[in-house]
There are 2 protein chains.
Amino acid sequence: MSEINKDSTEEKILHAAQTVFIQKGMDGARMQEIANEAKINKALLHYYFRNKQKLFEAIFSKVFNQIFPDIRSLIFSEKPFEERLGAFVERYIDLLLKNPFLPAFILKEINRDPDFLASLIKKQGINPEEILQMIEQEMEAETICRMDPRDLMINILGLSIFPFAARPLMQMMFFNNSKKEYNEFLIKRKESVKIFILNSILVNKKQMPGG
Amino acid sequence: MSEINKDSTEEKILHAAQTVFIQKGMDGARMQEIANEAKINKALLHYYFRNKQKLFEAIFSKVFNQIFPDIRSLIFSEKPFEERLGAFVERYIDLLLKNPFLPAFILKEINRDPDFLASLIKKQGINPEEILQMIEQEMEAETICRMDPRDLMINILGLSIFPFAARPLMQMMFFNNSKKEYNEFLIKRKESVKIFILNSILVNKKQMPGG
DNA sequence: GTCTATATGGCGATAGAC
DNA sequence: GTCTATCGCCATATAGAC
C-alpha cells in the first residue's frame, strides 16, 4: 500500500512524457527532452518503460481514454434529445478547452498503428453502434430530421474538434493571429455549435441565435 | 527552353518527396526513403534542395497552395449564395477525395513553423477578410441567419475536412473499418454536408434531404 | 531505483571521382 | 548532374557502479 505515490518517478515520467509527446508527436519527441521535463535521468525512462514506443503507447492510450470519456451517461439520460445533444457539445468543447492540444495530437498519431488504435477502441466501453441506434430512434420518432446517423455523429465531432485541430491556421486567417480572440471564439462555440446543429436537425422548429 | 522536362530529376524528387512527406510527415520521413521512391541517389536530394527542411518547405507550399485553390472565382460569382456555397462544398470535398491524405498532412505540420505558415498565407491571393465581409452582406440581406461569419467559415471547413483528417478512427468506429463503405460515405457527403449547412443557415426555409 | 558512461545504429549532410 | 564513400552527429538503448 505504501508505494501509491502521486509524485512517484513513474508518475513524473508519465506527466512529462504526455507534455512532450502531445507537443512534438512520437517522431518529434526526444527521450532526453522527456527526461529533462521530468527532472530525472534518461536511463530511468528505459528502466520504467523499456523503450520509446512503449512509453508512447502508455501516453496515447491514457490520452485516448481521456478524450473519449464515458459519453454514455450524457447521451443516454432521460432528458429530451436536443438537451442531451446540447449538453454533449458543451461538455465536449469544455474538455477540449482544458486540453487544447489533444485533437491535433490524436489526429497526428491516428495513422501510426491501426492495430493499436483498434485495440484501444475495443477496450473502451463505448459502443458506437449503440449510439447510432439511439440516433435512429430519434429519427423514427421524428424529433429530428432523417439522415445518416453517422453523418450526424461525424458532423458533431468535426464541428467540435476541427477548430482546435486547425487552430494555428484558423487563428491566423480569421483572427489576426490573436490568441486571446481565438480563445474567446472557442468558448462562444459551446453555444454557437449547439445552435448550428440543432437548427439543422430539428424538424419544424427554427431556433434563432438569440433565443 | 530545352530543360522544361516533366520527367526531370527535380520533378521526380518533388513527386517522391510529396508521397513520402504526406504519409510520414517531416519528422517521420527519411531522405533515403525519398531517394528510393524517386529512384535516384540520396546525394542528389541535397544537390537539388540543399537540405531536408528546404525540400519539405517546397512540398508543403506546393500542397498548401493546392488545397487552398482560388476559391474566389466560386465564392464571388453572380449566382445566389446558397448555390455558391453548395458548389464550394462539392468542389472542396471533391478536391479532398482526390487528395485524401492532404488534410491530415496539413493539420500535422501546421504547428511546426508558424512564421513559414504565415508567409504562405500572405503569398496566397486569398483574402479571408473579403470572404467574411461577403458572408456578412448576405446576413445583412437576410438571405441567411445572422451569426459570426467566422463560425460559418470554420463550420464549412470542419465539416468538409474532418472526415478526411480523422478517417482511420471514424472508419473503425462507424464503418467496421470498411474502406469501401467509408469511401462511399465520403462521396455522399458532398450532398449531405451541403444540406446540413443550408438547413442550418437558410432563413424561413427548411430544405429536406429528399428535395 | 537512480545515476554516469558508453555502445550502437541511423540519419542528414558532404567530399570528391566521373 | 549523378554517383560512391564517408563523415559527424545525435538519438535510442544498455552496462554497470552505487
Side-chain angles (χ1 to χ4, degrees), chain A residues 1-63 105 108-109 111-113 116, chain B residues 1-63 105 108-109 111-113 116:
Chain A
M1 296 272 188
S2 64
E3 71 271 70
I4 301 176
N5 180 2
K6 284 296 170 193
D7 287 338
S8 69
T9 304
E10 188 166 343
E11 289 293 331
K12 283 198 295 184
I13 291 176
L14 283 171
H15 189 260
Q18 178 162 338
T19 303
V20 175
F21 274 133
I22 281 186
Q23 284 181 19
K24 306 284 179 73
M26 164 66 177
D27 293 329
R30 296 290 161 245
M31 294 296 265
Q32 184 61 60
E33 194 178 351
I34 295 173
N36 293 344
E37 180 78 23
K39 284 167 187 156
I40 52 135
N41 193 274
K42 196 174 51 162
L44 271 186
L45 298 178
H46 293 86
Y47 176 79
Y48 278 92
F49 293 92
R50 272 183 64 94
N51 57 40
K52 186 183 178 182
Q53 179 64 28
K54 290 251 192 302
L55 177 56
F56 173 78
E57 289 181 4
I59 297 303
F60 188 82
S61 31
K62 182 184 162 198
V63 156
F105 174 65
K108 194 188 297 185
E109 305 298 342
N111 286 287
R112 286 190 62 78
D113 188 348
F116 179 61
Chain B
M1 296 273 187
S2 62
E3 72 272 69
I4 302 175
N5 181 3
K6 283 296 170 192
D7 287 338
S8 67
T9 303
E10 187 166 345
E11 289 294 331
K12 284 198 295 184
I13 290 176
L14 283 171
H15 188 259
Q18 178 162 338
T19 304
V20 176
F21 273 133
I22 280 184
Q23 283 179 21
K24 306 286 178 72
M26 164 68 176
D27 293 330
R30 296 289 158 246
M31 294 296 266
Q32 184 61 60
E33 194 179 351
I34 295 173
N36 293 343
E37 179 78 22
K39 284 165 186 158
I40 51 132
N41 192 274
K42 194 174 58 160
L44 269 187
L45 299 179
H46 292 87
Y47 176 79
Y48 279 91
F49 293 93
R50 274 183 65 95
N51 57 39
K52 187 182 179 184
Q53 179 63 28
K54 290 250 192 304
L55 178 54
F56 174 78
E57 288 180 4
I59 298 302
F60 188 82
S61 32
K62 182 183 162 198
V63 157
F105 174 65
K108 195 188 298 185
E109 306 297 343
N111 285 287
R112 285 190 60 80
D113 190 345
F116 179 60

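What you see below is based on every heavy atom in this structure, not just the backbone, and it leaves out hydrogens, waters and symmetry mates. Residue numbers start from 1 in every chain, and the chains themselves are labelled A, B, ... in the order their sequence lines are given, proteins ahead of strands.
The closest donor-acceptor contact from the side chain of B/K52 to the backbone of B/L45 lies at 3.5 Å or more, if one exists at all.
In this structure, the CG atom of B/N36 is 14 Å from the P atom of C/dG10, given to the nearest Å. Look at CG on B/N51: it is 5 Å from P on C/dA13, rounded to the nearest Å. For the pair B/I40 CD1 and D/dT2 P, the computed distance is 8 Å after rounding to whole Å. Straight-line distance from the OH atom of B/Y47 to the P atom of D/dT2: 8 Å, rounded to whole Å. When rounded to the nearest whole Å, the span between CD of B/Q32 and C1' of C/dA13 equals 13 Å. Rounded to whole Å, atom C1' of C/dA13 lies 5 Å from atom NE2 of B/H46. Protein atom CE of A/M26 is 10 Å distant from nucleotide atom C1' of D/dT12, rounded to whole Å. For B/K12 and D/dG1, the NZ to P distance is 13 Å, given to the nearest whole Å.
Looking at residues two or more places apart in sequence or on another chain, you find a ring pair (Phe, Tyr, Trp, His ring centres under 6.0 Å) between A/F56 and A/F21, A/F60. Every residue was checked against the ring pair (Phe, Tyr, Trp, His ring centres under 6.0 Å) condition with B/Y48, not counting sequence neighbours, and none meets it.
Looking at A/K12 and A/E37, no side-chain N of the basic residue comes within less than 4.0 Å of a carboxylate O on the acidic one, giving no salt bridge. Look at A/E109 and A/R112 and you find a salt bridge, because one of the NZ, NE, NH1 or NH2 atoms lies within 4.0 Å of a carboxylate O, short of that distance.
Applying the 4.0 Å criterion to OP1 and OP2 of C/dG12, one finds that B/R30 has a side-chain N or O inside that range.
Each of B/K42 and B/K39 has a nearest nucleotide on DNA chain D; the 5'-most of these lies closest to B/K39.
Nucleic acid contact class of A/A29 (heavy atoms, under 4.0 Å, all strands): sugar-phosphate only.
Comparing C/dT4, D/dT4, D/dT12 by their closest approach to the side chain of A/N41 singles out C/dT4.
Across B/E33, B/Q32, B/K39, a single residue satisfies side chain to side chain donor-acceptor pair (under 3.5 Å) together with B/N36, and that is B/Q32.
Shown here is A/H46, whose NE2 atom has more than 12 heavy atoms of other residues, nucleotides or ligands within 6.0 Å.
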Can you name the atoms? Protein N/O to nucleotides 16-18 of chain C N/O, anything below 3.5 Å, with the distance.
none

